[in-house]
Amino acid sequence: MLFCHSQPEHYWPTPAEHYQNPHSTIYREPMQLPFLKQEDQPLFVPLCPAFQCILYAPSSPAIKLYEETLTYLNQGQSYEIRLLSNWKGIGDLSEGRRLLRSVVRVVFHDRRLQYSERQQLESWQLNHPGDRILDLDVPLSVGVTDPLVNPNTLNTIEFLWDPSKRTSVFIQVNCISTEFTQRKNGGEKGAPFRVQVDTYKGDAHGGFTEHLYSCSCQVKVFKPKGADRKQKTDREKVEKRSALEREKYQPDSETTVLTECIPWPDIEAPRSPPSTFRMPTPERVCASPVCASDSSTECSGEQSLSPSSSISETQQWLVRNRFSNYCRTFSNFTGADLLKFSRKDLTQICGVADGIRLAHSLNARSVRPRLTLYITTDTPEKKITDDTNQTVYQELYLEEITAAELTTKVADLFSIPANHIQQISRTGPHGIHILLSDTMVRHMPDESCFLASLQKLQNSDSFHCILR
């Protein structure tokens, strides 16, 4: 005689009873009927992943088989993401290290919008001051401890959870997909987003740096109740097709299983100790006093980006040239990849101002000096060319156009300290000597030629420089 036992209404399955299936979300193995020689039958063990995240929102029925699912969400509505774990490594952890850290973020699905993510988020923040793109509904969440909502990252939340206990996090997406599309005449398609969950394990130092699992799904966000209308429209659209054509589409599903993916490149990982890859600061890149000063254009300019630069060298070059805000955007780019971008591409990725500056830096375009002078020294070792028998001049580039700057440049030509030149004069009408001042330097014609000579002052180590 067979006895059927009904399950309670709010039955919570064990993690081992969940596995990822392209057409269903949670599958409970049916009870096997008792028959003779049951022990001889091969036991069917369902494939159970170590981690699985389920978004409790129906996926669109208008998606064909073997295509990625698409889920419609309502703006500001709370949606549950259930975190399931069958991770065997939890038994090796101590009681104080059983918690895992998960980061939930809403990012762009299109690669073009990913490049300009920072500008897109800043523009959205200006139009919605005080609001966030992604919020955590703490009262509805279960098993979530120490939630963190960073005000500097509008599209990211993180929390700690115990994989051995029931965990459900409720999220709210406050932006809509059409806010990130180019406005035309109405009826434009909204930009798809991705809801991604990255999970990390704790280490001996109290941080959460070891990656365990990442998963994501594609979503579109509509105004309130807009997702329900879109879901109904897609269902009616599929139902109007023939039975043969309906077999090409995915069946209805009340939940969406997040598929495994690569972790999101996050250089500034919160809650973690200093990682092995640390972004250098501009002061640590150039350690010499010359480079640490504001007039260190020669030092940074010489170390230009080359096509053979690796990913790490490219990241250091971005920081050195004050493009650290785009390190995450170009986290997987080598020097050759960056040099392939045109000026138009860079302005679309980084904005007009930073895009033009990055294009000039990649092309090693130097700033034209404000004043250029050609000077030759009147010394016994005067340089004479062999072929033309003419004096060789050396150029001096002045940026500040002051007498002190010119004194320093002239002292370098004579290889003497600048403080050994007491004064500089210029030969005027009738052979008179005019003391050089800032006003005189500012009124010098560009690309002027001078003959510089030194006269040693009596009872002193200083010199008097004369420009003829």
Side-chain angles (χ1 to χ4, degrees), residues 51 53 55 57 71 73 75-83 99-111 113-138 140-141 144-161 167-177 179-180 191-202 207-221 258 261-273 275 277 279 324-332:
F51 295 95
C53 297
L55 174 63
T71 305
L73 305 180
Q75 179 188 19
Q77 181 174 334
S78 296
Y79 289 93
E80 177 187 3
I81 298 180
R82 186 170 298 180
L83 287 76
L99 295 181
L100 301 180
R101 165 179 166 259
S102 289
V103 181
V104 182
R105 51 171 52 89
V106 174
V107 295
F108 292 110
H109 176 75
D110 294 340
R111 184 62 59 88
L113 291 175
Q114 291 179 7
Y115 288 147
S116 59
E117 177 182 297
R118 190 175 70 89
Q119 287 74 24
Q120 297 287 345
L121 298 183
E122 289 179 354
S123 177
W124 187 89
Q125 187 178 21
L126 291 176
N127 297 327
H128 304 80
D131 293 341
R132 290 183 51 83
I133 290 181
L134 181 63
D135 268 329
L136 175 64
D137 196 341
V138 178
L140 294 180
S141 301
V144 174
T145 61
D146 197 12
L148 176 62
V149 178
N150 192 340
N152 296 326
T153 54
L154 305 178
N155 60 331
T156 303
I157 59 174
E158 62 175 285
F159 53 89
L160 303 180
W161 60 288
T167 304
S168 292
V169 57
F170 283 78
I171 63 171
Q172 297 173 346
V173 183
N174 299 317
C175 63
I176 58 178
S177 297
E179 291 183 283
F180 302 97
F193 301 127
R194 299 200 70 84
V195 175
Q196 178 158 338
V197 181
D198 299 306
T199 302
Y200 301 88
K201 182 181 70 171
F208 295 86
T209 57
E210 185 176 346
H211 176 260
L212 288 179
Y213 181 74
S214 293
C215 56
S216 65
C217 68
Q218 185 181 186
V219 300
K220 277 190 177 182
V221 185
L258 279 66
C261 63
I262 61 175
W264 186 259
D266 193 2
I267 295 178
E268 299 178 358
R271 295 184 189 261
S272 62
S275 57
F277 175 72
M279 298 303 301
S324 57
N325 293 334
Y326 303 98
C327 286
R328 196 180 76 173
T329 304
F330 302 110
S331 59
N332 295 323

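When reading the values below, keep in mind they use all heavy atoms of this one structure, side chains included, and skip hydrogens, waters and symmetry mates. All values derive from a computational prediction rather than experimental measurement.
For the atom pair CG of Asp110 and CD of Glu117, the computed distance is 12.5 Å after rounding to the nearest 0.5 Å. Here Thr167 contributes atom OG1 and Phe159 contributes atom CZ; the two are 7.5 Å apart, rounded to the nearest 0.5 Å. For the atom pair CG of Leu212 and CZ of Phe51, the computed distance is 5.0 Å after rounding to the nearest 0.5 Å. Note that CD1 of Ile157 is 12.0 Å distant from CG of Asn150, once rounded to the nearest 0.5 Å.
The side chain to side chain contact (heavy atoms under 4.5 Å, CB included) check on Gln119 picks up Ser116, Tyr326, with sequence neighbours excluded. Tyr115 is linked by a side-chain hydrogen bond (donor to acceptor under 3.5 Å, both in side chains) to nothing, counting only residues two or more places apart in sequence or in another chain. In terms of the side chain to side chain contact (heavy atoms under 4.5 Å, CB included) criterion, residue partners of Gln218 (sequence neighbours excluded) are, by chain and number, Glu68, Leu70, His109, Pro192, Arg194. Residues passing the side-chain hydrogen bond (donor to acceptor under 3.5 Å, both in side chains) test with Ser123: none are found, sequence neighbours excluded. Applying the side chain to side chain contact (heavy atoms under 4.5 Å, CB included) criterion to Gln125, with sequence neighbours excluded, gives Leu154. Take Thr71 and apply the side chain to side chain contact (heavy atoms under 4.5 Å, CB included) test, not counting sequence neighbours, and it matches Leu55, Ala57, Ser59, Leu73, Val219, Thr256. Legend: residues meeting ring-ring contact (aromatic ring centres under 6.0 Å, His included) with Phe170, ordered by chain and number and at least two apart, are absent. Every side-chain hydrogen bond (donor to acceptor under 3.5 Å, both in side chains) that Asn174 has, sequence neighbours left out, goes to Asp135.
A side-chain contact (heavy atoms from CB on, under 4.5 Å) with Thr199 is found for one member of Ser102, Ser214, Pro263 and no other, namely Ser102.
Between the side chains of Thr145 and Trp161, no donor-acceptor pair is found at a separation under 3.5 Å.
Asn155 places a side-chain N or O within 3.5 Å of a backbone atom of Val106 that can act as its donor or acceptor partner. Side-chain N or O atoms of Ser177 include one that pairs as donor or acceptor with a backbone N or O of Ala191 at under 3.5 Å. A donor-acceptor pair is defined here as one N or O able to donate and one able to accept, closer than 3.5 Å; no such pair exists between the side chain of Arg132 and the backbone of Val149.
Electrostatic pairing of Asp198 and Arg101 does not count as a salt bridge here, judged by no charged N lying under 4.0 Å from a carboxylate O.
In the displayed structure, Leu126 atom CG is contacted under 6.0 Å by more than 12 heavy atoms of other residues, nucleotides or ligands.
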